Amino acid sequence: MFNNLPDYVEDPILGLFDAYRADVRTRKANLGIGIYCGEDGRVPVLASVRAARERIDETAPSIYLPTEGLQGYRNAVRELVFGGATADLQDRVVTIQAAGGTGALRVGAEFLASTNASPRVCMPDPTWVNHQAIFQAAGFEVSHCPYRTPKGRFDIDGTLAALNALPAETVVLLHPCCHNPTGIDPSREEWARLLDAMAQRALLPFFDMAYQGFAESLDDDAWAVRECVRREIPCLVASSYSKNFSLYGERVGALSIHAPGLEAAKVLGQLKVVVRRSYSCPPAHGAALVATVLQDAPLHAQWRAELDGMRQRMLGVRASLHALLTRELPDADLSFLLQQRGMFSYSGLSDAQIDQLRSRHGVYVVSSGRVCIAGINASNLAQVCEALVDVMGRAVHAGPAKDAGFNPR
Ligand code: LMR
């Protein structure tokens, strides 16, 4: 029994995180997993969340939440995702709490698979390393569309060509902001063209919104989602509060389904069927924290200010990294560092350079070349720059770079 199991293939992000933790060097930098750290190099406990924690009765008995999650949380995140006018959306949107953004993606995928005998999904190449596995496990056939031009811009023409070749009802996985792993987002004009194409071909957008508030603002970052609602295009949204509330371990997420004329009770019922057979009901604590913050005006304002602070810090890191590297490498075009948004920067480093960063310098970067900007601070900035300059100086021996990025072309 259990003799013919395949070998375990380490997840490229989580496996790297384990390797970082096991590294005994004191001079090391974790630029792998997407976790925001402050200037002190630690994962912040937001003051708004701390205040919410004090208001929650930790001595209350721990009972099961409803299968669909905490009502106050569901209302509050629906407003965050869709904007202020959610009362008008009562009969068009169903939101359930989910176990993180990953749980929301999985529940959404299973729900969609239950409504379609041969479900298909198209996702950007590259995308988050787990997307393909989640949809495949739910029974989807997965295809990819190009995302990034060799010059490091969003590939609008390639994406439109791919969308126009998809069969009707194909699900299209999209990142509404802070594309993971590239940090490159479509402009509003490009989003409008994508939505036109998807509406014309009856494709179904499924937004993975893990970084709302990390690119421009909470409202700007949800623009593509809200534009779907304005245009009455059905869509799904998996939203996560791991990053913008710094609550990674609590698994706080939500799945929203928008469709004009949807039969809300039936959709909710089928989502409950999926949740019940997967994990029965979501965890209570993190959702209570998020709901407490969002429903209380002063705490809500405090949280928004803290979120602005995280975003500004990441912009500051980008500017500092750009300035330092440009001084060392005056011929390199590093403007991509300033243009990309969110936690990640796609570096274009080769496999050999990524290995050298880790072995020689203790700097951990995902094998795709994705660098987590949010892991850089004033204390490790010089070390990271030194390491990058060192491996780029060796570029000539390092094999082909993945794409435009740090290595001058
Ligand atoms: C990431 O992309 O690094 C994060 O979303 C963490 C994860 O689960 O992969």
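Remember, it's a predicted structure, so these values are computed and weren't measured experimentally. Both backbone and side-chain heavy atoms feed into the values below; hydrogens, waters and symmetry mates do not. We count ligands from 1, going down the list as the structure has it; atoms in each ligand are counted the same way.
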* ring pair (Phe, Tyr, Trp, His ring centres under 6.0 Å) with Phe214: which residues, sequence neighbours excluded? -> none

* To do: Mark yes or no: Lys28 above the aromatic ring of Tyr364, with NZ or CZ under 6.0 Å from the six-membered ring centre and no more than 45 degrees from the axis.
  => no

* **Sub-6.0 Å ring centroid separation between Phe206 and Phe140** => no

* Asked: Does the gap between the ring centers of His175 and His131 come in under 6.0 Å?
  -> yes

* Phe344 side chain near Val366 side chain, heavy-atom distance below 4.5 Å -> no

* **Geometric class of the His179/Tyr147 ring pair [parallel <30°, tilted 30-60°, perpendicular >60°]** => parallel

* Neighbouring protein residues of ligand 1 - any heavy atom closer than 4.0 Å ->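 Ile13, Ile33, Gly34, Trp128, Asn180, Tyr211, Lys243, Arg370.
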
